[in-house]
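Structure record follows, encoded as structure tokens.
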Amino acid sequence: METATVKELFARSDNYLNKKIQISGWVKTVRSSKTFGFIELNDGTFFSNLQIVYDEKLANFQEIARLITGSAIIATGELVESPGAKQPFELKAERIDIAGHSEPDYPLQKKRHTFEYLRTIAHLRPRTNTFAAVFRVRSVAAYAIHKFFQERDFVHVQTPIITGSDAEGAGEMFRVTTLDFDRLPRDDKKEVDFSKDFFGKETNLTVSGQLEAESYCLAFKNVYTFGPTFRAENSNTPRHAAEFWMIEPEIAFAGLQENMNLAEDMLKYTIGYVLKHCPEEMRFFNNFVDKSLLGRLENLVESKFGHITYSEAIEILKKSGEQFEYPVAWGHDLQTEHERYITEKHFGKPVFVTDYPKEFKAFYMRMNDDGRTVAAMDLLVPGVGEIIGGSQREERYDYLEKRLDELGLNKKDYWWYLDLRKYGGAPHAGFGLGFERLLMYLTGMTNIRDVISFPRTPKNAEF
RNA sequence: UCCUCGAUAGCUCAACGGUAGAGCAACCGGCUGUUAACCGGUAGGUUGUAGGUUCGAAUCCUACUCGGGGAGCCA
């Protein structure tokens, strides 16, 4: 007798038909009659369930008929063709052992639950159809991203989670400390004395691996990071989490154009890979989450992304005839409503917007020849908004130094970052891709809390 | 953080100033091919929390907590 998984049964049913097999998994539902019944079993390996038929010949027939959803069982029997229309085959049980009982108050039902409720039982929601699909896609997408970069000889750099630099410039940070809050050490000025802290200085959770990635980029040429990122911003939106995963490639001897080509290739590769390797999951999303999903994704893999400059975007918005809440004028940053118009209505596909005024972009972005814009690029996609933010980096020592001065930043904090420009600073570029935002785009799920296993958001760190 | 909407049985919802209900889940029973199984029955509630108005509050008012949507910040 062979043990099998549901995935194997569906992949190679000929090998198993009319043979005795053993299969183990969790009960999704039981339908019982007087002398026989059916169990829907999911073993976690495949999106579809296996139907098990059992009858009163089983010694524990009564017990099986009363199984509660969620119970773990091990079933043995022959795999036979099913007379029912909804499944090609089923297991005719000769024996069913109960590995773990469930309880009458099992919170998951056969009927549909709201995503809001399922977030309150995040430890059980991967057992639902939707979340089983989301997290298999998440796993496959992560693999596809590594595969994409590895096949192109990029080096995967694992940058630190704890950073001693408070100068990453990407927002509020979470403090990391071992100090006793009830008895904080103070210095002469009565301020907290961080020299007594674990690292002898202030430390925080990283908000970006970019600065460190640049260091490795200027040694390995092409690198990428893929790791957790932490932002202590009080953001309450369906697109923000305090802990999320980010992919940050960095390429040397390359500029903004190569950077955008890389981003486009990577997205198309990843989406194509998921479409090919998660057909059941993607069909499910298309049927139950977003009816236009597959058409949109398949179209995206074929089409060229749009390209416009910030200045062109302003012109498009001015000529659009739309009534916007925020004014459209050169020198004003693009608001969400503007971004949505450009990617959803004007282009109807992903669009790179480049060359923003330096005033609302980070210090490290490369100054353009016009002296007022920088070589930045944002990728906007319909439904999700900004999915990628990147730039060519300022590789000229004196320009970077000048920019730090203009913004009132302390050059001492950036000594090693400046060093990278001092010792063979080559043109280089990179971007950050929010992994969860990619998953939202891939699955049609509209809340970031539903594409990360145990979401951390303001006032919520349960589990 | 701001604006806005919401919170009623385990879940999804109804009742909108006058005795809190239904479907599903659970429990008991019936049913020889079901598949969101079906049929009959039982049980299940200080209506998010704390105040207030009223003869009377799930319903009106205030504050708070939590959640949804929108905005800002951004990935």
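So that the names make sense, note that chain A is the first sequence line, chain B the second, and so on, each numbered from 1.
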Quick one: the side chain of [X] and the base of [N], do they pair up donor-acceptor inside 3.5 Å?
X: Ser235(A); N: C74(B); value: no
X: Arg437(A); N: C74(B); value: yes
X: Gln87(A); N: U34(B); value: yes
X: Glu90(A); N: G33(B); value: yes

### Message
Among Thr354(A), Ile342(A), Ile314(A), exactly one meets side-chain contact (heavy atoms from CB on, under 4.5 Å) together with Ile308(A). Which residue is that?
### Response
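Output: one option passes, namely Ile342(A).
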Minimum-distance nucleotide to [X] side chain [options: [options]]:
X: Gln51(A); options: U32(B), A71(B), U34(B); value: U34(B)
X: Arg449(A); options: G68(B), A71(B), A75(B); value: G68(B)
X: Pro238(A); options: G70(B), U32(B), C24(B); value: G70(B)
X: Thr237(A); options: C73(B), C27(B), G68(B); value: C73(B)
X: Pro83(A); options: C27(B), G69(B), G33(B); value: G33(B)
X: Asn234(A); options: U1(B), A36(B), U34(B); value: U1(B)
X: His240(A); options: A71(B), C73(B), C31(B); value: C73(B)
X: Arg66(A); options: A75(B), C27(B), G29(B); value: G29(B)
X: Asn447(A); options: G69(B), C31(B), C73(B); value: G69(B)

### Task
For RNA chain B, produce a single dot-bracket line, 5' to 3'. Pairs: Watson-Crick or G-U wobble, both distances under 3.5 Å. Symbols: ( ) within strand, [ ] crossing, | other strand, . unpaired.
(((((((..((((....[..)))).(((((.......))))).....(((((..]....))))))))))))....
### Query
Under 3.5 Å, is there a donor-acceptor pair between the side chain of Glu339(A) and the main chain of Leu380(A)?
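Checking the backbone N and O of Leu380(A) against the side chain of Glu339(A), no donor-acceptor pair under 3.5 Å is found.
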#### Entry: Donor-acceptor pair, side chain of Arg456(A) and main chain of Glu462(A), under 3.5 angstrom
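Checking the backbone N and O of Glu462(A) against the side chain of Arg456(A), a donor-acceptor pair under 3.5 Å is found.
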### Task
Assign each of Pro104(A) and Thr29(A) to its nearest nucleotide of RNA chain B by heavy atoms, then name whichever residue's nucleotide is nearer the 5' end.
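Result of the comparison: Pro104(A).
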### Query
Given that Asn460(A) and Glu40(A) both sit by RNA chain B, which one's nearest nucleotide is further toward the 5' end?
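Its nearest nucleotide being more 5', the pick is Glu40(A).
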Expressed in angstrom and rounded to an integer, what is the separation of [X] atom [atom1] from [N] atom [atom2]?
X: Phe115(A); N: G67(B); atom1: CZ; atom2: C1'; answer: 16 Å
X: Glu243(A); N: C74(B); atom1: CD; atom2: C1'; answer: 17 Å
X: Leu205(A); N: A75(B); atom1: CG; atom2: C1'; answer: 17 Å
X: Ile448(A); N: G70(B); atom1: CD1; atom2: P; answer: 13 Å
X: Leu439(A); N: A75(B); atom1: CG; atom2: P; answer: 17 Å
X: Phe288(A); N: A36(B); atom1: CZ; atom2: P; answer: 10 Å
X: Phe174(A); N: C74(B); atom1: CZ; atom2: C1'; answer: 14 Å

Within 45° of the ring axis of [Y] and under 6.0 Å from its six-membered ring centre, is that where the NZ or CZ of [X] lies?
X: Arg283(A); Y: Phe47(A); value: no
X: Arg437(A); Y: Tyr441(A); value: no
X: Lys268(A); Y: Phe305(A); value: yes

Classify [X] by what it touches in the nucleic acid, base, sugar-phosphate, or nothing, heavy-atom distance under 4.0 Å.
X: Leu108(A); value: nothing
X: Gly432(A); value: sugar-phosphate
X: Ile388(A); value: sugar-phosphate
X: Thr69(A); value: nothing
X: Asn236(A); value: base
X: Tyr326(A); value: sugar-phosphate
X: Phe38(A); value: base
X: Ile387(A); value: sugar-phosphate

Taking only the [atom1] atom of each, what is the distance from [N] to [M] in whole angstrom?
N: G72(B); M: G18(B); atom1: P; answer: 43 Å
N: U19(B); M: C24(B); atom1: C1'; answer: 26 Å
N: G44(B); M: G23(B); atom1: C1'; answer: 15 Å
N: U12(B); M: A25(B); atom1: P; answer: 15 Å
N: A22(B); M: G30(B); atom1: C1'; answer: 23 Å
N: A20(B); M: A58(B); atom1: P; answer: 8 Å
N: U8(B); M: G45(B); atom1: P; answer: 15 Å
N: C60(B); M: U47(B); atom1: C1'; answer: 15 Å

Please tell me if [X] has a side-chain N or O lying less than 4.0 Å from either OP1 or OP2 of [N].
X: Lys459(A); N: U65(B); value: no
X: Arg31(A); N: A36(B); value: no
X: Lys110(A); N: A36(B); value: no

### Message
Under the rule for side chain to side chain donor-acceptor pair (under 3.5 Å), what residues qualify as partners of Glu359(A), not counting sequence neighbours?
### Response
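Testing Glu359(A) for side chain to side chain donor-acceptor pair (under 3.5 Å), a comparison that skips the adjacent residues, returns none.
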#### Entry: Which residues share a side chain to side chain donor-acceptor pair (under 3.5 Å) with Arg296(A), sequence neighbours left out
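For Arg296(A) the side chain to side chain donor-acceptor pair (under 3.5 Å) partners, ignoring immediate neighbours, are Asp290(A), Ser292(A).
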### Message
With a 6.0 Å cut-off on the ring centroids, do Phe463(A) and His123(A) count as close?
### Response
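That pair passes the under 6.0 Å test.
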### Aromatic contact, His156(A) with Phe226(A) (centres under 6.0 Å)
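His156(A) vs Phe226(A): aromatic centres not under 6.0 Å.
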### Test: Arg136(A) and Glu280(A) ion pair at under 4.0 Å
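Looking at Arg136(A) and Glu280(A), the cut-off is not met.
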### Query
Could you give all pairs that pass the salt bridge (charged side-chain N to carboxylate O under 4.0 Å, His left out) test and reach residues 42-53 of chain A, with sequence neighbours left out?
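Those involving residues 42-53 of chain A do not exist here.
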### Message
Listing request: all salt bridge (charged side-chain N to carboxylate O under 4.0 Å, His left out) pairs with a residue in residues 105-123 of chain A, at least two apart in sequence or in separate chains.
### Response
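Counting only pairs at least two positions apart or across chains, the salt bridge (charged side-chain N to carboxylate O under 4.0 Å, His left out) contacts touching residues 105-123 of chain A are Arg119(A)-Asp450(A).
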### Task
Can you check each nucleotide of nucleotides 7-14 of chain B against protein heavy atoms at under 4.0 Å and return B for base, S for sugar-phosphate only, - for none, in 5' to 3' order?
---BSS--
### Message
Would you say OH of Tyr216(A) has more than 12 non-hydrogen atoms from neighbouring residues, nucleotides or ligands within 6.0 angstrom?
### Response
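No, OH of Tyr216(A) has 12 or fewer neighbouring heavy atoms, counting only those of other groups under 6.0 Å.
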